[in-house]
Amino acid sequence: MKKINRKKFLLSALTGTAALPLLFKKGLAQNVMTLSSAGSGPLVIATWDNRKATDAAMQQIMNGKSALDAVEAGARVPEGDPEDTSVGYGGYPDRDGNVTLDACIMDHQGNAGSVTFMQHIRHPVSVARLVMEKTPHVMLSGEGALRFALENGFKKENLLTEKAKRAWQEWMKENKYTPKVSKNNHDTIGILAIDKKGNISGACTTSGRAFKMHGRVGDSPIIGAGMYVDNEAGGACATGLGEHVLKTLGSFLIVELMRYGLTPQEACKEAIRRILDKIPGAHNDQVGYLAINKNGEHGAYSIKPTFPYALYQNGENKVMESDFAMR
Ligand code: GLY
């Protein structure tokens, strides 16, 4: 009965969209089967060559912890790494020299937490998790997020390393405070995991676009933009120019397309196509998406080369290169 209702819903919801021919090509019956036949081993996937993060996440899963514990542990790796200039401690500051951080997390029950524009806290993903678990809210921002973190035992730190400060000072000489941003100056980590129970969770964390305007918030902490999970359909996350992801709500789009039967790869490709179709000039920029479904299949697609990603599955932690649109 549930399958018939879903089929009707899919048909009515998708009529007129670009995805419809694909659905017919694949066959709806097969799609409904796919959605209801969860059964993958553990998996962790992360944007860029974040193999240390996928390793930390998989250790959690192997120790019997949840996908939620896994993605938090994974995201904390680049957050704590001063050499990673796009995430957490050591992240490049905004044009005023402030390191401002965005992060979100989502579990298999649809619970979500997020912090935006937060300063002085090394691990925003863990604050986002506490927002999810300890407050009636989804998102805390700026001073409020900082206060909440301090009240919950997080330490206030200077996150601007000497390396990041020098880069900012160099940027100031040339750009004279103009928020002109290179397309390749950040590499947010988005991370998705499936645990031993087959549950999916995801997280995303970043210091955002280097030398951005003070107060700028990107896609990473926005549920459905930088990351989205629906335990029934799959999970998706994004990296790259957050403004493009925000305008198309890419991670939510990908998960919905998977719900309607697209493979993770097809769904990622469609979300990139949406950006290229709707946003003039986007072909010059970079956005990369990752997605997983309940069967442990994954997809990766970007606007242009190169977009490597880390995949830990079947006992192997490897870096792979995504397919891309602009050739
Ligand atoms: N994708 C990260 C950002 O644009 O902030």
Side-chain angles (χ1 to χ4, degrees), residues 45-50 53 71 75 78-79 84-96 98-106 114-119 121 124-125 128 139 141-142 145 159 164 167-168 171 179-192 202-228 235-254 268 271-272 274-275 279 281-282 284-291 300-304 306-309 322 324:
I45 193 168
T47 54
W48 309 103
D49 183 2
N50 269 305
V71 295
E79 281 184 344
D84 191 321
T85 55
S86 308
V87 182
Y89 177 59
Y92 282 161
D94 64 18
R95 65 181 187 175
D96 297 321
N98 306 295
V99 180
T100 72
L101 304 176
D102 300 331
C104 74
I105 196 162
M106 198 165 180
S114 155
V115 290
T116 77
F117 188 49
M118 188 175 70
Q119 298 184 54
I121 303 292
V125 72
M139 186 180 292
S141 190
L159 301 179
W168 168 59
W171 178 87
K180 193 166 54 184
V181 182
S182 142
K183 330 119 172 78
N184 296 318
N185 68 3
H186 55 80
D187 51 7
T188 303
I189 180 170
I191 181 166
L192 306 164
C204 192
T205 179
T206 190
S207 50
R209 288 167 72 161
F211 321 128
K212 61 197 173 186
M213 290 176 72
H214 188 60
R216 181 264 186 187
V217 172
D219 60 309
S220 301
I222 308 301
I223 302 296
M227 189 277 299
Y228 192 72
C237 60
T239 184
L241 208 53
E243 280 72 7
H244 295 340
V245 179
L246 280 168
K247 286 175 189 168
T248 51
L249 220 50
S251 293
F252 182 73
L253 173 64
I254 290 168
C268 288
I272 291 292
R274 187 73 60 91
I275 289 174
I279 304 175
N284 291 315
D285 302 324
Q286 179 64 310
V287 170
Y289 285 119
L290 298 179
Y301 203 75
S302 59
I303 293 180
K304 58 186 191 177
T306 59
F307 172 42
Y309 59 99
S322 87
F324 53 90

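Every number for a ligand or one of its atoms is a count from 1 in the order of the listing.
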Quiz item: Should one rank Arg209, Lys212, Arg216 by closest heavy-atom distance to atom 5 (O) of ligand 1, which comes out on top?
Solution: Arg216
Quiz prompt | Which segment of Gln286 sits under 4.0 Å of ligand 1 when only heavy atoms are counted | solution = neither
Self-check item: Ligand-residue contact atoms, ligand 1 with Gly240, heavy atoms, under 4.0 Å
Solution: 1 (N), 2 (C), 3 (C), 4 (O)
Exercise. State whether the side chain of Ser251 and the backbone N or O of Ala225 hold a donor-acceptor pair below 3.5 Å, judged by distance alone.
Key: yes
Quiz item: Can you check whether Gly218's main-chain N or O pairs, donor with acceptor, with Lys212's side chain at less than 3.5 Å?
Solution: no
Quiz item: Short list, please: which atoms of ligand 1 are under 4.0 Å from a heavy atom of Ser220?
Solution: 1 (N), 2 (C)
Quiz prompt | Close side-chain approach of Pro93 and Asn98, heavy atoms under 4.5 Å | solution = no
Quiz item: Do Gly208 and ligand 1 have an N or O pair less than 3.5 Å apart?
Solution: no
Self-check item: Where ligand 1 meets Thr188 - atom numbers and elements under 4.0 angstrom, heavy-atom basis
Solution: 1 (N), 2 (C)
Quiz item: With sequence neighbours excluded, what pairs up with Asp96 under the salt bridge (charged side-chain N to carboxylate O under 4.0 Å, His left out) test?
Solution: none
Exercise. Compute the shortest N/O to N/O distance between Thr239 and ligand 1 and return yes if it is under 3.5 Å, no if not.
Key: no
Quiz item: Is a side-chain donor or acceptor of Gln286 paired with a backbone partner of Lys304 at a separation under 3.5 angstrom?
Solution: yes
Exercise. Give a yes or no on whether the backbone of Phe211 and the side-chain of Asp94 come within a donor-acceptor separation of less than 3.5 Å.
Key: no
